[in-house]
Amino acid sequence: MDTDFNEYEQEHIQNLDQYLSECMVLLRKNGDFPLNSNEKQVYLFGNGIRNTIKGGTGSGEVNSHSFIIIEEAFIKGVEILSKEYLDSYNKVYEKAKKDFKKKLQHESFFHPIQGIIKSMGAVMPEPEYNIPYNKEGDIAIYVLSRISGEGSDRQFVKGDVLLTETEKNTITTLANGYKKFMLVLNTGGPVDLSGLEEVKNILLLSQLGVNTSKALVDVIYGKKYPSGKLATTWTKQEDYQTPGDFGNSNDTNYNEGIYVGYRYFDSADIDVMFPFGFGLGYTDFNYDLTSVELNGDIITINTKVKNIGNYQGKEVLEVYLSKPHTTLDEPYQILVAFAKTKQLDAGEEDNLSLRFKLSDFASYDQNEEAYILDEGAYIVRLGNSSRNTKPCAEIQVQEKIIVRKVQNKLGNSGFIDSTFESKKKDEDLSNVSKFTLDKNCIKKEDISYNKSFNISEEVKSLTTEDKVKLVVGAFNPKGGMTGFLGGTPMAVAGAAGETAKVADLKPIVMADGPAGLRLAKDYYVNKDGGAHSTEGGLPVSLVENFPGIIRFALKMISPKPDKNAPISHQYTTAIPIGTALAQSWNRDLAECCGDIVGDEMERFGVHLWLAPALNIHRNILCGRNFEYFSEDPLISGIMAAAITKGVQKHKHTYTTLKHFSANNQEHNRYFNSSNVSERALREIYLKSFEIAIRETKPKALMTSYNLINGIHTNESHELVSDILRNEFGYDGIVMTDWIVAMGMTAEKNNKYQGPSASKVIKATGDIFMPGCYDDYKDILKALENGTLTMEELETSATRIYELAKEIKT
Ligand code: BGC
C-alpha cells in the first residue's frame, strides 16, 4: 500500500479491500480467467487503462488522497506490451478534450449563466481514432470507461451509452485474435453491448473508489473473485424504450407507472441481454429449496447452496413475488428478499434463509386510498436472477385485506398509467408448497395525519431573527452567493453547507457524498476562523468547463490565504459508487462503508453526510444514476439503511437520505415536474425512503429539486408532513437541496417558478439550503404578512436547535 496514506486511511482501505470484488459483475465467461500467476505479459487497451474512473463527477465526487490508474496497478507485477498504443491514445484523448472544452466555453461566451448550466456535468463523448495495435497475441484486456455526473444526462450516442465504431472494431478484433481476452467495463451505468457476441469474457468492474485498479488486478489474477449481480437491467438501446417520457424541460410524464426496470422488461416479456439480479462467478453453484414456512404473514424460504465449481465464490439468492391481478394490474414479479452466502470453497455448502413479510409488499390502490393485499394467489419465486426463478410457494389470500388506510396526497399526474399483460398464467404449480393466509394476522393500520410536533421553550425565547437564522443555511449578509462559492468562513473546508451560529450553538456541518466524504483535500484557516479549500468552493470537475468569465469571477471572489497560513489536509476514502454497492447485494459491505465515512466525519467535524442517495434508476440516461443504487426500491432501501447503520455508529455523525423524491433526471432539474401516479410514487419512488426510514433512524433527509405533479417537493405539506412525518413516522430534520439563485434564473421559458424559503417552512421543512440573505428576508416577510405563523417557524427551528444542541455535547 502507498506509504503516504495515514494509518486510518490504510485501515479503511484494507477494510474495503476485502469486499471490492463483490461489487464486480462477471457478465460472460468461458473459463479463460482468472489468469495464472505466471501469465505475466499482457496487452492492455481502451480508454480506461489510463483514464480510470473511480466515481462520477459533481457533488458526488470524492477528493481522494491519491489514486492509481489501471496501468500502474498492472505494472507492479506484469509486463505491459501495448505501451505505444497507450501513448498514442493519450495524445488523441488530450486533443479531443481540449477541443471539447473550447467548444463549450465558446458556446456560452455570451450567455455565461446558461453556459454554467449546460457545462455542468457535460461529458465529452469518447472520440473515434485510428491507432495501430497488435491484433494477435496471448492475453489482452480492454478497459472501456465512461463517466457522467451532476447537471447533465447521458445520451444514446456513440461514445456514451453506445460504443464508438473504434471501440467495437478493436474489441471484436482482440476477442478473435488473442488466445485470452477480457472486456472490462469501468462504467457507472449500462453501455449497449450489442454486436459483441464474439466477446466471451466480460467483467463489469464498475467504479469502486480509491482501490478500483488494484481490485481489478486481484480479480484478473484470481486473488479475489467477482460475486456481484446487476442491480439494474443491462440491455440494448431499443429495449429501453419504455412508455414514459425522459428529459423534457417542464413536465416529464411517468406514463410507465410502476413498470420500472425489470418490472417492465419481465411483464412486457422483453428478452434483455443481462437481466436484473444476474451475475456469474469464476465458480458455479447449485441451490436447493429445503423448506418454506409461513408464520403470520412472514414467509421463510430455507435453502442449501453448494459451490460445484473449482474456484472460491459467493452466491446471491433472490426471492420474487407475483401478485394476483384481482382488482389491480400487477407486474410479473417484484423482488421481496435476498441473501448472500459466506465465502464457499469448491465443494462447500451454506444454508441460506430468506424472509419477507407479505404485508410490507401490499399494493397501493388509489381508489381505495389504501395499501391492500388483494384476494387471490401470491406466487413466491426463488432464483439467482430475475430471469432464472422457480415458484417455491403459493399463498392464498381469501379476501381482500386492507393493510394501511391512508389518503391520496400527491395530486394528479394527468394521465392513466400504462399496463402490461403478464405472462405468468400457464404455470405448473402442482409441486409447490401451498398456504392460506390467516387474515387476522394483519392488523389494519389507520393513518390520521395529526401528529403534533414539539416546540422548545429555549427556541421560543430566541429573537425572531435568530429563529429565522436557524431555518436558513449559514449565509453571509454581505456576500450573497459567496458562501456557497467558498467565500463565507466555514467550520470545515469543502463542506457543502452549515447552519448559522445562533445563541451558543455550534454549526451543524454538512458534507457531500455518496462515494465517500467529500471535503477539501488541502485547506488553510484564515484569521477569521474560516476554513477554505485551496481549490475554491465548487468541484473542479464542475468548474473546469465553465465559461472563462465565470471561472475568472469565481477566482476573484474566492478568499485568499492569510500570509503564512499553513496548508492542512483532510484525506478521505473514496468508496464504491452507489450502484456498485448495490451490485454487491451485501449489507455488510454497505455498513462497512458507512463505518468508514462515519469515522472520517468524526475526525474532521462533519455531522450530516449528504448521502446516501436513493433515487431509482428509472431511465439509464439519468446522469446521476451512478450515485443511486438500483432500479428496485427494496435493494435501494436496504442498502441505504445499512450505510446509515454504519455512519450512525459514530459520535454525532448522521446520514441524510436524498433526494426525496422522483428526482430522476438532470435536465432542467430545478424546474421540472415529475408527473407520476400516486401508486407509482408510493410503490416505487417513495418506497426506498420508506424502507430505509423504517429500518434505521436516519437523522436527516433532503428534498429534491424537482416538482411532483406541479408542486415543489420541498413546498409540499402533503409529501413532507403527511406522508414522510405522519405515514412513515420520520422524526428527523428535512432540508432542501441546494437552491441557489444561479439556478433560478437559468431558464427563461420555465413553466414552474422556483420554491420559496417561507413555503418550505410552512410545509414542515426545517432548513432552506444553502441559504442566502433573500431566503432570510422571505421568511421574515411571510411572518409579517401572516402567510407563515410563528408556531410553524418555531417548530422547524426546534428541530434544528435540538440537533445543534445534541452535537455540542
Ligand atoms: C446536489 C445535492 C448535493 C448538494 C450540495 C446539489 O446540487 O443535488 O445532491 O448534496 O448540491 O452539494
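Every number for a ligand or one of its atoms is a count from 1 in the order of the listing. Keep in mind that this is a model prediction, so the values were computed, not measured.
Ligand-side atoms of ligand 1 in range of Leu610: 10 (O), range being under 4.0 angstrom from any heavy atom. Interface atoms of ligand 1 facing Tyr705, defined by a heavy-atom separation under 4.0 Å, are 6 (C), 7 (O), 8 (O). Numbered from 1 in the order shown, with element, the atoms of ligand 1 that lie under 4.0 Å from a heavy atom of Ala496 read 5 (C), 12 (O). Set against the non-hydrogen atoms of His659, the atoms of ligand 1 under 4.0 Å away are 2 (C), 8 (O), 9 (O). Counting the atoms of ligand 1 from 1 in the order shown, those under 4.0 Å from a heavy atom of Met702 are 10 (O). Atoms of ligand 1 lying under 4.0 Å from any heavy atom of Lys658, numbered from 1 in the order shown and given with element: 2 (C), 3 (C), 9 (O), 10 (O).
A donor-acceptor contact closer than 3.5 angstrom is absent between the side chains of Thr764 and Arg799. Of the N and O atoms on the side chains of Asn615 and His659, at least one donor lies less than 3.5 Å from an acceptor on the other residue.
Electrostatic pairing of Lys521 and Glu535 does not count as a salt bridge here, judged by no charged N lying under 4.0 Å from a carboxylate O. A salt bridge does not link Arg587 to Glu695: none of the charged side-chain nitrogens sits closer than 4.0 Å to a carboxylate oxygen. Salt bridge Lys762/Asp778: absent, no basic N to carboxylate O contact under 4.0 Å. The residues Glu690 and Arg694 are annotated as salt-bridged, a charged nitrogen and a carboxylate oxygen being separated by less than 4.0 angstrom.
Proximity of Arg669 to ligand 1, defined as any heavy-atom pair under 4.0 Å, is confined to the side chain (atoms from C-beta onward). Under 4.0 angstrom from ligand 1, there are no non-hydrogen atoms of Met769. Counting heavy atoms under 4.0 Å from ligand 1, residue Arg624 touches it through the side chain alone.
The aromatic rings of Tyr705 and Tyr670 lie perpendicular to each other, with more than 60° between the two planes, well past the 30° mark.
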Problem set entry | Pair Ser413-Tyr254, side-chain hydrogen bond (donor to acceptor under 3.5 Å, both in side chains): steps then yes or no | CA-CA 8 Å; Ser413 65; Tyr254 288 36; over 6 Å; no
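Within the 4.0 Å heavy-atom shell around ligand 1 one does not find Glu627. Ligand 1 does not have Met510 within reach: every non-hydrogen atom of the residue lies 4.0 Å or more from it.
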